[in-house]
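Written out below as structure tokens is the structure these notes cover.
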2 protein chains.
Amino acid sequence: MKSEKISEAVVRRLPVYLRYLNDLNKREVSTVSSQELGLKLDLNPAQIRKDLAYFGDFGRKGIGYDVSYLIEKIRHILNLDQQINAVLVGAGNLGHALSNYNLYLRENIKIVAVFDENPKKVGSRISTLTVQSMDEISDTIKGQNIRIGIITVPDVEAQNVADKLITAGIEAILNFAPTILKAPANIRIHAADFTTDLLSLAYYLDNGKDDSADDGEHKDK
Amino acid sequence: MKSEKISEAVVRRLPVYLRYLNDLNKREVSTVSSQELGLKLDLNPAQIRKDLAYFGDFGRKGIGYDVSYLIEKIRHILNLDQQINAVLVGAGNLGHALSNYNLYLRENIKIVAVFDENPKKVGSRISTLTVQSMDEISDTIKGQNIRIGIITVPDVEAQNVADKLITAGIEAILNFAPTILKAPANIRIHAADFTTDLLSLAYYLDNGKDDSADDGEHKDK
DNA sequence: TAGATTGTTAATCGATTAACAATC
DNA sequence: TAGATTGTTAATCGATTAACAATC
């Protein structure tokens, strides 16, 4: 166990480990090696061992990792051994999808309030929640100990919403709007904009449009 | 302009550039410098210049980049100067959200068919499309020149759906299910699973649970 | 004991950033 | 000409992978 700064790449792999470990747990597999994890998750076993070793000596030489124990440890590292309250801003299609998805992921992150700017949507139901007016956002965040904000509003409104969330004391934001949010350094922002994923995917489509024989690898044209 | 292999990190930034350039274009700004782009997109100007230089000499020394010209070039690099057909598998909440979102992004990637395994959903409408039975997936993909598959089914079904898409000749997959898909190396797969983003976000929440004074940076405990 | 597998160091690989000549 | 900004090389930084002693 070392005392280095943990890189974002490492942190992003932790939920992936956790997901598969939960799978193993359900199937009552009690032990797993970095080798097997690597195989299933398309990762280098040495990388997995190194990632985990940043946080502690969780494995046993010659044996591997105890599945339940490792789950517990990763959940602790990710702060998931407590309930984390989140708020959703934007009661559109995506907002609906997310609040339903919420039921799926049983990982202690709970959407406890939904807001929308549109007066016509205020008062309507989303899953078990009632859409609230933006006026109430600050009070709700403070009153209900809400720490994560999820933004699913159109891109032009995203920064404005982020500012309100930050003013109200939110600590982290998951931003689905296709825009780069500006925020103080102590606010953590993750971009969840799938248009970037989709457009970059198009790059890899193999086009027979190049003059020379195309070997499937992209080069300059 | 060099003939190196382009890294995935570079490719993923291209849509981000494109998005902001489109913004500038709408505001009738005709020229932009790497400096200004860097400021707006939270990227190093040298990195932006280097990224673009992989594909050609698009800028002018002392001047910067012509916005319209750069848009055209990036769209070409990303294969967006042609219509790319995509198929959506999974007519749930997320599927609904995506097919509506589709209208937003005017970037030539078009969802032209929707499939669902559930017979009750087959025949229903999503946006302008009618949900089709999975039996028809192969014929539709081949017949309509569909090149990208978008998976929004529950995780247990995702691999099965991916296999069908691949057999039918799809070239790339955007996977919203929280699972690592196995596929041949020539199939490009991008993970768009936001649970990973959300759970990793929780890591950065500042917990006053450490014994020593917490400076806001994460270390081992 | 022999085989397996961790934790960790060292080596490698790749990506980002700084610096600057070229030039608009 | 002077100021601005590119394209590109070199330097730096960081992340991944290989290798192996420790040990179950």
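Any value given below was found using the heavy atoms of this structure, including those in side chains, with hydrogens, waters and symmetry copies removed. Letters A, B, ... mirror the listed sequences (proteins, then strands); counts begin at 1. Computed from a prediction, not measured in an experiment: that's the story for all the values here.
Per the geometry, CD belonging to A:Gln47 stands 13 Å off C1' belonging to C:dC13, to the nearest Å. What separates CG of B:Asp66 from C1' of D:dT5 is a distance of 15 Å, to the nearest Å. Atom CD of A:Gln35 and atom P of D:dA18 are 12 Å apart (whole Å). In this structure, A:Phe55 atom CZ and C:dT6 atom C1' are separated by 17 Å, rounded to whole Å. Taking atom CG of B:Leu52 as the reference point, atom P of D:dG7 lies 7 Å away to the nearest angstrom. Rounding to whole angstrom units, CG of residue A:Asp51 and C1' of C:dT6 are separated by 14 Å. Rounded to an integer number of Å, the gap from A:Leu70 CG to C:dT6 P is 11 Å. We find that CZ of B:Arg12 is positioned 16 Å from C1' of C:dA15, with the value rounded to whole Å.
A:Arg13 pairs with exactly one of A:Leu41, A:Asp51, A:Leu18, A:Ile48 by the side chain to side chain contact (heavy atoms under 4.5 Å, CB included) rule, that one being A:Asp51.
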Watson-Crick and G-U pairing of DNA chain C, under 3.5 Å, as dot-bracket with | and [ ]: ..||||||||||||||||||||||
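Of the candidates D:dT16, C:dG7, C:dT16, C:dG7 carries the atom nearest the A:Asp57 side chain, counting heavy atoms from C-beta on. Comparing C:dC20, C:dG7, D:dT17 by their nearest atom to the side chain of A:Lys61 picks out C:dG7. Of the candidates D:dG7, C:dT17, D:dT16, the closest approach to any side-chain atom of B:Ala53 belongs to D:dG7. Each of C:dT8, D:dT16, C:dC24 was ranked by its minimum atom distance to the side chain of B:Ile63; first place goes to C:dC24. Ranking C:dG7, D:dT16, D:dT5 by closeness to the B:Ser33 side chain, first place goes to D:dT5. Considering only side-chain atoms of B:Tyr65, the nucleotide from D:dG7, D:dT8, C:dG7 that sits closest is D:dG7.
Side-chain contact between A:Val87 and A:Leu165 is present, with at least one heavy-atom pair separated by less than 4.5 Å.
If you check every strand for non-hydrogen atoms under 4.0 Å, A:Arg60 touches sugar and phosphate atoms only.
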A:Phe176/B:Phe194 under ring-ring contact (aromatic ring centres under 6.0 Å, His included): CA gap, chis, key distance, verdict: CA-CA 9 Å; A:Phe176 282 86; B:Phe194 51 81; 5.6 Å; yes
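Residues B:Arg49 and A:Val10 each lie close to DNA chain D; by heavy-atom proximity, the contact nearer the 5' end of the strand is made by B:Arg49. Two residues, B:Ala46 and A:Asn44, neighbour DNA chain D, and the one matched to the more 5' nucleotide by heavy-atom proximity is B:Ala46.
Put simply, the side chain of B:Thr152 gets close to the backbone of B:Gly90: a donor and an acceptor are under 3.5 Å apart. The backbone N or O of A:Pro178 lies less than 3.5 Å from a partner atom in the side chain of B:Arg19, making a donor-acceptor pair.
In the displayed structure, A:Gln83 atom CD is contacted under 6.0 Å by more than 12 heavy atoms of other residues, nucleotides or ligands. Residue B:Arg60 places its CZ atom among 12 or fewer non-hydrogen atoms of other residues, nucleotides or ligands, all under 6.0 Å distant.
Using modelled atom types and a 3.5 Å distance limit, the side chains of B:Asp81 and B:His76 yield a donor-acceptor pair.
Contact check, A:Ser34 against C:dT5: no side-chain N or O comes under 4.0 Å of OP1 or OP2.
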